[in-house]
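Notes to accompany the following structure.
Just so we're clear, the structure is a prediction, and the values are computed from it rather than from any experiment.
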Amino acid sequence: MNVENLTISYVTRAEVWLCITTLLYFLMNGAQIFETLVFVPKWASSPPQNFKLLLDGNGASLKVFWIVLHSIHEVAFILSIIFCWKIDPVKNWLLVLFILHVMVRVWTLSFFAPQIIDFQKIAESQQFPKDLLSRVSLWQKLNYVRVLIFIIISLGLIPLCVKLFQIRL
């Protein structure tokens, strides 16, 4: 769509939702970086002894935090796509970033979350599989990749914010 046909209120809503999405993404990045650099090394350093840190009620269960934060962020992300829909260059890149985001979320829900749940079960049962150390090591290494991808996606939102703010000028 031609940017001359956009109303100021339309562009304002697009700016607001894209900025909210970007800020929420950076908030998530901060939490992920903290978790990756502080919390994960703590429970991964001595499996299964430190797995108790993963147990609900006994440790630092982050399940509710991540469910709430991801839910709010994904609603904001979808709203930013909706409100940027008439601004093709922004909309198109938002869709690309959202697809990448969804792919990493699917990876999270299909690999990382089930592994953490399994680690919690190991802490409760005190039965330790032979491959436990290699599983923890793989989880930790892939988590670095996952966090890096989330950071790259969030950095991709910055030029879109700049482009939106330039429309007004």
Taking the six-membered ring for Trp, are H101 and H70 parallel (under 30°), tilted (30 to 60°) or perpendicular (over 60°)? tilted
Close side-chain approach of F51 and V136, heavy atoms under 4.5 Å: yes
Got a second to check how far T108's OG1 is from L142's CG, nearest 0.5 Å? 10.5 Å
Are the side chains of L148 and Y144 in contact, using a 4.5 Å heavy-atom criterion? no
Output the distance between atom CG (D118) and atom OG (S125), rounded to the nearest 0.5 Å. 8.5 Å
For V11 and L164, the nearest pair of non-hydrogen atoms, with its separation, is CG1-O, 4.2 Å
At what distance, to the nearest 0.5 angstrom, does CG of L18 lie from CD1 of I81? 10.0 Å
Give the intermediate values and the outcome of side chain to side chain contact (heavy atoms under 4.5 Å, CB included) for residues W43 and Q140. CA-CA 10 Å; W43 66 258; Q140 194 170 13; over 6 Å; no
Any salt bridge between D88 and K91, counting N to O under 4.0 Å? yes
Count the heavy atoms belonging to other residues, nucleotides or ligands that lie under 6.0 Å from CH2 of W93, then report whether that count exceeds 12. no
Measuring from atom CZ of R13 to atom CG of L79, what distance do you get when rounded to the nearest 0.5 angstrom? 11.5 Å
Quick one: sort the W17 and F83 rings into parallel, tilted or perpendicular, breaks at 30° and 60°. parallel
Hey, could you give me the CG/OG1 distance between L155 and T22, rounded to the nearest 0.5 Å? 10.0 Å
Answer whether the closest heavy-atom distance between the side chains of T21 and F98 falls below 4.5 Å. no
In terms of heavy-atom contacts, does CH2 of W85 have more than 12 from other residues, nucleotides or ligands at under 6.0 Å? no
Distance col, row K163:NZ vs I167:CD1, nearest 0.5 angstrom, shows 7.5 Å
For E15, check salt bridge (charged side-chain N to carboxylate O under 4.0 Å, His left out) against everything at least two apart and list the hits. R168
Going hydrophobic residue to hydrophobic residue with side-chain gaps under 4.5 angstrom, can you get from V75 over to M28? yes
Y10 meets the ring pair (Phe, Tyr, Trp, His ring centres under 6.0 Å) criterion, sequence neighbours left out, with none
